[in-house]
Structure formats: C-alpha cells, structure tokens
Amino acid sequence: MLLGMWVGWMWRVAIPWLILAVIVTSCLGFVIDHWIISIIIVVIALMAYGAYDDYKEKHKTPEQLADEQRMKNAEDALNSLDDINK
C-alpha cells in the first residue's frame, strides 16, 4: 500500500514538476548558448503577436461588436447615474 501511494505521488506531483524543470532548463540552456538567435526569435514572436493583435482589432466578429456596444451602453448608464447623484 505504501508503495502504491508513493508511485501515485510520483505520477501526480514529482513527474510533472520534473518534466517542467527539464523544459525550463533546456530553454535556458538554449538561450545561454545561442543568445543572438534567441533575441531574433523573441523579436519575431513579438512582431507576429502585434500583427495578430492588429488584425484581430480590425476584423471583429458581430458578437465582439455587440459586446462592445453593450459595454458602451453600460458605461453610459453608469455615467448617467453618476451625473444624477452629483
């Protein structure tokens, strides 16, 4: 029974943390060994995220537009309540 509890703990707790530690240390090792390539990768990733964010802002779905309108209506209602209470 004790062996079963230990094995269960290993699979639930220790193994996932060890896998995470291997991934983090591998990434750090790559960054330390190849820092110029790492900087280039980070710059490209940030540029790609900026392009995606800009595209997402310019091409909104009808649901997103409706949500923005609801938020604007809610803010207007709150502002009118603030004006009444002044």
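Remember, predicted model here, so these are calculated numbers, not experimental data.
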(message) Please check: side-chain N/O of H34 versus main-chain N/O of F30, any donor-acceptor pairing under 3.5 Å?
(response) no

(request) Output the distance between atom CZ (R70) and atom CG (L65), rounded to the nearest 0.5 Å. (result) 10.5 Å

(request) Report the C-alpha distance between I44 and Y49 in whole Å, list the side-chain angles of each, state the deciding distance to 0.1 Å, and finish with yes or no for side chain to side chain contact (heavy atoms under 4.5 Å, CB included). (result) CA-CA 9 Å; I44 290 172; Y49 177 75; over 6 Å; no

(message) Let me check something: do L20 and I15 share a hydrophobic cluster, defined by ILVMFWY side-chain heavy atoms less than 4.5 Å apart, either directly or through other members?
(response) yes

(message) Let me check something: do I40 and W35 share a hydrophobic cluster, defined by ILVMFWY side-chain heavy atoms less than 4.5 Å apart, either directly or through other members?
(response) yes

(request) Determine, using the 4.5 Å side-chain heavy-atom cutoff (strictly less than), whether I19 and M10 are members of one ILVMFWY cluster. (result) yes

(message) Rounded at 0.5 Å granularity, tell me how far CE in M5 sits from CZ in R12.
(response) 8.5 Å

(message) Consider side-chain contact (heavy atoms from CB on, under 4.5 Å). Of I23, V24, L28, V22, which one does S26 pass it with?
(response) V22

(message) Please report the interatomic distance CD(Q69) to NZ(K72), rounded to the nearest 0.5 Å.
(response) 6.0 Å

(message) Could you walk me through whether K60 and E57 satisfy the side chain to side chain contact (heavy atoms under 4.5 Å, CB included) test, starting with their C-alpha distance in whole Å, then the side-chain angles of each, then the deciding distance to 0.1 Å, before giving a yes or no?
(response) CA-CA 6 Å; K60 293 188 177 186; E57 188 66 31; 3.0 Å; yes

(message) How long is the straight-line distance from CG of D54 back to NE2 of H59, given to the nearest 0.5 Å?
(response) 9.0 Å

(request) Go through the steps to decide whether E75 and N79 satisfy the test side chain to side chain donor-acceptor pair (under 3.5 Å), and finish with yes or no. (result) CA-CA 6 Å; E75 288 174 4; N79 289 338; 5.9 Å; no

